[in-house]
Amino acid sequence: MTTEVPSRRLPGTPCWASLMAHRADLARDFYGTLFGWEFTPGPPQLGSYSFAQVGGLRVAGIGEGAPEPHRPVSWTTMLAVDDVDHAAESVRECGGTVGVGPLNIGEDGRLAVAVDPSGAVFGIWQSGLFTGSDVTGVPGSVARSELVTNDATLVGKFYEAVFGFGSQRAGGDEEDLTVLTLDGQPVADVRGVGRNLPRDRGAHWVTAFAVEDVQAAADQAVRLGGRVLAAPHDDPIGTAATVADPEGAAFGLLARD
């Protein structure tokens, strides 16, 4: 089902997913083939940054980061706010850090990149002309945003304090899963995995993209030079898998029931 999103997001809503690759051209080739994305130029202030589109609707962004050969590459979840400067100050007050910004991206908006107390990186976006993704719920668009961390309850309180989320306990008795809500509606998951937190990535946000067939998409990712991190498996809302692109950036595949 296609769900076009409103032009103004509630503060705290995941509004955009962004990848800063080592080679933006190779990343565009990989994701363009995997998801059928087409690309248009993004804000000139971000250099080679491009908007990925599905059916003419923007769904994600790919740019080129600092030329550091050992710099980890990852997808960044951007959370909408009305005032990025106030949000950045709240991050600091609640035990997080701000690594980039706040800074203006021309007339498109104002940006900061922050780190929560568990070490997970996320973005903060105050919209100007650009409000974020145009659509969800179609193959190739963002299907879910999930934070994988050591303790869901503890880290969830940070996001509740900074962004005004509500929270609901989810999962079974042995599962540490918190659902962050806005106006009673779920917007993101926080999954606590304790000692099973990957040492190579630490706490991190995972962007899952919608696909029609998770196994077929995972196989295609491998043929394109990626690798499977978590094989297709049953998920409470469908079938899911986690894969990495050729530069090591992890992302999810999700086919909803």
Side-chain angles (χ1 to χ4, degrees), residues 14 16-24 26-35 37 52 59-66 68-79 99 113-116 118-123 133 136 139-150 152 155 159 176-177 188-211 213-256:
W16 190 242
S18 186
L19 176 72
M20 301 304 286
H22 289 297
R23 288 280 304 275
L26 298 182
R28 288 193 295 268
D29 288 343
F30 173 84
Y31 289 99
T33 302
L34 182 62
F35 294 131
W37 286 351
V59 295
I62 293 178
E64 200 160 289
E68 302 170 1
H70 301 295
R71 174 180 61 85
V73 178
S74 62
W75 282 93
T76 299
T77 296
M78 310 293 297
L79 303 177
V113 179
V115 183
D116 72 23
S118 72
V121 176
F122 63 97
S133 58
T136 63
S141 66
V142 174
R144 178 168 63 190
S145 299
E146 181 177 75
L147 171 62
V148 179
T149 187
N150 49 0
V155 177
Y159 289 92
D176 184 15
L177 179 63
D189 295 340
V190 182
R191 186 178 300 276
V193 297
R195 295 181 179 179
N196 293 322
L197 192 67
R199 292 186 177 182
D200 59 337
R201 286 183 287 154
H204 58 282
W205 280 87
V206 178
T207 298
F209 295 99
V211 295
D213 186 324
V214 171
Q215 185 66 64
D219 292 344
Q220 175 77 327
V222 171
R223 287 193 293 270
L224 293 169
R227 58 193 175 97
V228 175
L229 303 178
H233 57 274
D234 290 337
D235 182 271
I237 59 174
T239 304
T242 305
V243 299
D245 70 19
E247 291 189 346
F251 60 97
L253 303 170
L254 180 63
R256 293 179 177 269

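- Considering CG of Asp176 and CG of Asn196, their distance stands at 11.5 Å, rounded to 0.5 Å.
- The shortest non-hydrogen separation linking Leu254 to Ala208 is CB-CB, 4.4 Å.
- In this structure, Glu146 contributes its side chain and Val190 its backbone to no donor-acceptor pair below 3.5 Å.
- In this structure, the ring of Phe30 has its center no less than 6.0 angstrom from the ring center of Trp37.
- Of the candidates Leu26, Asp245, Leu224, Tyr31 forms a side chain to side chain contact (heavy atoms under 4.5 Å, CB included) with just one, namely Asp245.
- Shown here for Pro14 and Ser145, the closest heavy-atom pair between the two residues is CB-OG, 3.6 Å.
- Summarising the geometry of Leu253 relative to Ala218, their closest heavy-atom pair is CD1-N, 3.6 Å, with the distance given to 0.1 Å.
- Closest heavy-atom contact between Trp75 and Ala250: CD1-O, 3.6 Å.
- You'll find the side chain of His22 stays beyond 4.5 Å of the side chain of Glu64, heavy atoms only.
- Panel note: side chain Arg23, backbone Glu247; no donor-acceptor pair is recorded below 3.5 Å.
- In this structure, the separation between NE2 on His204 and CG on Leu197 is 7.5 Å, given to the nearest 0.5 Å.
- In terms of heavy atoms, Ile62 sits closest to Ala27 at CG2-CB, 3.9 Å.
- Counting heavy atoms from C-beta on, the side chains of Asp219 and Val222 never come closer than 4.5 Å.
- Of all heavy-atom pairs between Gly192 and Ala152, the closest is N-CB, 3.5 Å.
- For the atom pair OG1 of Thr77 and CG of Leu147, the computed distance is 8.5 Å after rounding to the nearest 0.5 Å.
- Within a 6.0 Å sphere centred on CZ of Arg227, heavy atoms belonging to other residues, nucleotides or ligands number 12 at most.
- A distance-only check finds no donor-acceptor pair linking the side chain of Gln220 to the backbone of Leu34 [under 3.5 Å].
- Between the side chain of Arg28 and the backbone N or O of Gly63, no donor-acceptor pair lies under 3.5 Å.
- Using modelled atom types, one finds a donor on one side chain and an acceptor on the other under 3.5 Å when comparing Thr149 with Ser118.
- Of the possible polar contacts, one joining the His233 side chain to the Ala231 backbone as a donor-acceptor pair under 3.5 Å is found.
- For residues 228-237, the pairs satisfying salt bridge (Lys or Arg N to Asp or Glu O under 4.0 Å) are Arg144-Asp235, with sequence neighbours left out.
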Query raised in the report: Please walk me through it: do Val73 and Leu19 pass side chain to side chain contact (heavy atoms under 4.5 Å, CB included)?
Result: CA-CA 7 Å; Val73 178; Leu19 176 72; 3.5 Å; yes

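- Annotation: ring pair (Phe, Tyr, Trp, His ring centres under 6.0 Å) contacts of Trp205 (sequence neighbours excluded): Tyr159.
- The distance from atom CZ of Phe122 to atom OG1 of Thr76, rounded to the nearest 0.5 Å, is 11.0 Å.
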Report task. Kindly determine whether Val206 and Phe251 satisfy side chain to side chain contact (heavy atoms under 4.5 Å, CB included), including the steps that lead there. Result -> CA-CA 6 Å; Val206 178; Phe251 60 97; 5.7 Å; no

